[in-house]
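Please read the structure below before turning to the comments.
If you read the sequence from its start, that first residue is 1, and numbering goes on from there.
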Amino acid sequence: MAQNIEIKARANNVERQLILAESISDKPRVTLIQEDTFFVTPAGRLKLREFPDAPSQLIYYNRIDTEGPKLSEYFISSIEDGQGLKSVLEKSYGIRQVVKKVRTLLMSGRTRLHFDNVEGLGHFIELEVVLNDADSLDAGQAEAHALMTKLHINKEDLIDVAYADLLDQQ
């Protein structure tokens, strides 16, 4: 099981925040087009992530819905036949929500900086501090807080749920 410390926030000034992120990024930005189909599950979240020009990913993750840096445990499997799997999961579990987004990905050390333009919702920033077995949760949370400060992410910008949940609320 992989783990990260994650925050999600509404971008309060996406252009400025993207410039700040590029100034601390170790690599050039990458733009990804993603469609996440969330399935009905009794616990956690299960989604099939599809890309226009790459294999799909089946992702299961579990985290508490609270604002600020929180632990997320996840499993990812690469899928060659994304459409076939989507059909099976839809018949088995039902589709809960579809999230379409354009993601700008940057890296700062072990942290993934996501700038997401989510169809129907707007602009968001997601930080994922990737943990290894030797890392403490406190160190990961401290790193997330430091990046929040550098990127001018305010406490009032934080959200505590997934994009699928925000779409459900509309």
Task: Pairs where residues 66-81 contributes a residue and the test side chain to side chain donor-acceptor pair (under 3.5 Å) is met, not counting sequence neighbours - done: Gln3-Glu73

Open item on the list: Is it true that Glu50 and Gln83 share a donor-acceptor pair across their side chains at a distance under 3.5 Å?
Closed with: yes

Open item on the list: If we count only N and O atoms by modelled type, under 3.5 Å, do the side chains of Glu128 and Thr111 hold a donor and an acceptor together?
Closed with: no

Atom [atom1] in [X], atom [atom2] in [Y]: separation rounded to 0.5 Å?
X: Ile153; Y: Lys8; atom1: CD1; atom2: NZ; result: 12.0 Å
X: Thr37; Y: Lys47; atom1: OG1; atom2: NZ; result: 10.5 Å
X: Leu113; Y: Lys27; atom1: CG; atom2: NZ; result: 11.5 Å
X: Asn117; Y: Ile33; atom1: CG; atom2: CD1; result: 11.0 Å
X: Leu137; Y: Leu131; atom1: CG; atom2: CG; result: 6.5 Å

Any idea which heavy atoms bring [X] and [Y] closest together, and the distance?
X: His152; Y: Gln17; value: O-NE2, 3.2 Å
X: Ala139; Y: Ser136; value: N-OG, 3.0 Å
X: Leu106; Y: Ala21; value: CD1-CB, 3.8 Å

Below 4.5 Å, heavy atoms only, C-beta onward: do [X] and [Y] meet side chain to side chain?
X: Leu105; Y: His114; result: yes
X: Phe39; Y: Leu48; result: yes
X: Leu147; Y: Ile7; result: no
X: Phe115; Y: Val14; result: yes
X: Leu46; Y: Phe38; result: no
X: Val130; Y: Ile5; result: no
X: Leu127; Y: Met148; result: yes
X: Asn4; Y: Val129; result: no

Open item on the list: Apply side chain to side chain contact (heavy atoms under 4.5 Å, CB included) to residues Ile24 and Leu151 and explain how you reach the verdict.
Closed with: CA-CA 9 Å; Ile24 61 171; Leu151 297 175; 4.3 Å; yes

Do [X] and [Y] share a hydrophobic cluster (ILVMFWY, side-chain heavy atoms under 4.5 Å, transitive)?
X: Tyr61; Y: Phe75; answer: no
X: Met1; Y: Tyr60; answer: yes
X: Val98; Y: Phe51; answer: no

Please table the atom pairs, donor to acceptor, closer than 3.5 Å between any side-chain atom in residues 157-170 and protein atoms at least two apart or in another chain.
{"from": "Asp157", "atom 1": "OD2", "to": "Asn12", "atom 2": "ND2", "distance (Å)": "2.6"}
{"from": "Asp157", "atom 1": "OD2", "to": "Asn154", "atom 2": "N", "distance (Å)": "3.1"}
{"from": "Asp157", "atom 1": "OD2", "to": "Asn154", "atom 2": "ND2", "distance (Å)": "3.4"}
{"from": "Tyr163", "atom 1": "OH", "to": "Asp116", "atom 2": "OD2", "distance (Å)": "2.7"}
{"from": "Asp165", "atom 1": "OD1", "to": "Arg96", "atom 2": "NH2", "distance (Å)": "2.3"}
{"from": "Asp165", "atom 1": "OD2", "to": "Arg45", "atom 2": "NH2", "distance (Å)": "2.6"}
{"from": "Asp165", "atom 1": "OD2", "to": "Ala162", "atom 2": "N", "distance (Å)": "3.0"}
{"from": "Asp168", "atom 1": "OD1", "to": "Gln97", "atom 2": "NE2", "distance (Å)": "2.7"}
{"from": "Asp168", "atom 1": "OD2", "to": "Arg96", "atom 2": "NE", "distance (Å)": "3.0"}
{"from": "Asp168", "atom 1": "OD2", "to": "Arg96", "atom 2": "NH2", "distance (Å)": "2.7"}
{"from": "Gln170", "atom 1": "NE2", "to": "Gly120", "atom 2": "O", "distance (Å)": "3.0"}

So that I can tick it off, tell me whether [Y] and [X] are bridged by a salt bridge, with the cut-off set at under 4.0 angstrom between side-chain N and carboxylate O.
X: Glu35; Y: Lys86; value: yes
X: Arg10; Y: Glu156; value: no
X: Arg103; Y: Glu126; value: yes
X: Asp36; Y: Lys100; value: no
X: Lys101; Y: Glu119; value: no

Open item on the list: If you apply the rule side chain to side chain contact (heavy atoms under 4.5 Å, CB included), what do you find for Gln141 with Leu71, and how did you get there?
Closed with: CA-CA 9 Å; Gln141 289 178 328; Leu71 178 66; over 6 Å; no

Task: With sequence neighbours excluded, residues passing side chain to side chain contact (heavy atoms under 4.5 Å, CB included) with Ser92 - done: Val88

- [ ] Step by step, work out the side chain to side chain contact (heavy atoms under 4.5 Å, CB included) result for Leu89 and Leu58.
- [x] CA-CA 11 Å; Leu89 291 172; Leu58 184 64; 3.8 Å; yes

